[in-house]
A.B. asks: 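So that we are looking at the same thing, I have put the structure below in structure tokens.
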Amino acid sequence: MKLKLVFENTYPYLFGLLAGFIWWESGINFPSSDAIISSTLSVAGIFVGFLATSKAILISMNSPLINELKSSGYINELVSYIGQAIWLNLAFCTLDVVGYFADQTAVWYGVTWVTLSVASLMAFIRVTHIMLKIFKYS
């Protein structure tokens, strides 16, 4: 059980680093068009809004399942996951904005973009998966 929790805590970062490493090793150039930057900026912004709303819903919920999460201490993990997902997606939004002014074809930008995009998406998926289970059983 402890190993499962360690994986749950780290997999967004591990997948992000793995994707960034694969991108770096493959030598693919990041597109120079602003279309992908503006699209992912919008999506990441929507993710932040959804995550903030999920956090507000979670705090306001009063059900036996939420009380059990609070008594078990797992609520702290869940709040941490939501916070990590919000910060990762905000970092990704920031990187997208930097992309409007930086050389998008630079290796550092492509590797950082891929790493943050995968990590923020995985963190969002982690929170969404848990929140859907909570909503289902509440």
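Just so you know, these numbers use all the heavy atoms, side chains as well, and skip hydrogens, waters and symmetry mates.
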A.B. asks: Pairing donors with acceptors under 3.5 angstrom, does anything connect the side chains of Asp96 and Thr40?
C.D. replies: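 The answer is yes; a qualifying pair exists.
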A.B. asks: Can you get from Leu78 to Phe7 by hopping between Ile, Leu, Val, Met, Phe, Trp and Tyr side chains that sit under 4.5 Å apart?
C.D. replies: yes
A.B. asks: How close do Ala85 and Leu51 get, heavy atom to heavy atom, and via which atoms?
C.D. replies: CB-CD1, 3.5 Å
A.B. asks: Is the Phe92 to Phe47 ring centre distance short of 6.0 Å?
C.D. replies: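 Between Phe92 and Phe47, the centre distance exceeds or equals 6.0 Å.
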A.B. asks: Does any N or O in the side chain of Arg126 come within less than 3.5 Å of the main-chain N or O of Pro12, such that one atom is a donor and the other an acceptor?
C.D. replies: no
A.B. asks: May I have the step-by-step check of side-chain contact (heavy atoms from CB on, under 4.5 Å) for Trp23 and Phe30, ending in yes or no?
C.D. replies: CA-CA 10 Å; Trp23 183 273; Phe30 193 81; 4.2 Å; yes
A.B. asks: Compare all side-chain heavy atoms of Thr128 with those of Leu132 and state whether any distance is below 4.5 angstrom.
C.D. replies: yes
A.B. asks: Can Leu18 and Val118 be said to form a side-chain contact (heavy atoms from CB on, under 4.5 Å), step by step?
C.D. replies: CA-CA 9 Å; Leu18 179 64; Val118 171; over 6 Å; no
A.B. asks: When you check the side-chain N and O atoms of Ser80 and Gln84, is any donor under 3.5 Å from an acceptor?
C.D. replies: yes
A.B. asks: Just by modelled atom types, is the Val98 backbone N or O under 3.5 Å from a matching donor or acceptor in the Tyr109 side chain?
C.D. replies: no
A.B. asks: Can you tell me if Glu8 has over 12 outside heavy atoms packed within less than 6.0 Å of its CD?
C.D. replies: yes
A.B. asks: Check whether any side-chain heavy atom of Leu88 sits under 4.5 Å from a side-chain heavy atom of Leu121, and report yes or no.
C.D. replies: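 In short, these two side chains do not touch, never coming nearer than 4.5 Å.
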A.B. asks: Given side-chain contact (heavy atoms from CB on, under 4.5 Å), test Val114 with Trp24 step by step and report yes or no.
C.D. replies: CA-CA 9 Å; Val114 168; Trp24 181 48; over 6 Å; no
A.B. asks: Is it the case that atom CZ in Phe21 sees more than 12 heavy atoms from other parts of the structure closer than 6.0 Å?
C.D. replies: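 Counting neighbours around CZ of Phe21, 12 or fewer heavy atoms of other residues, nucleotides or ligands fall under 6.0 Å, so no.
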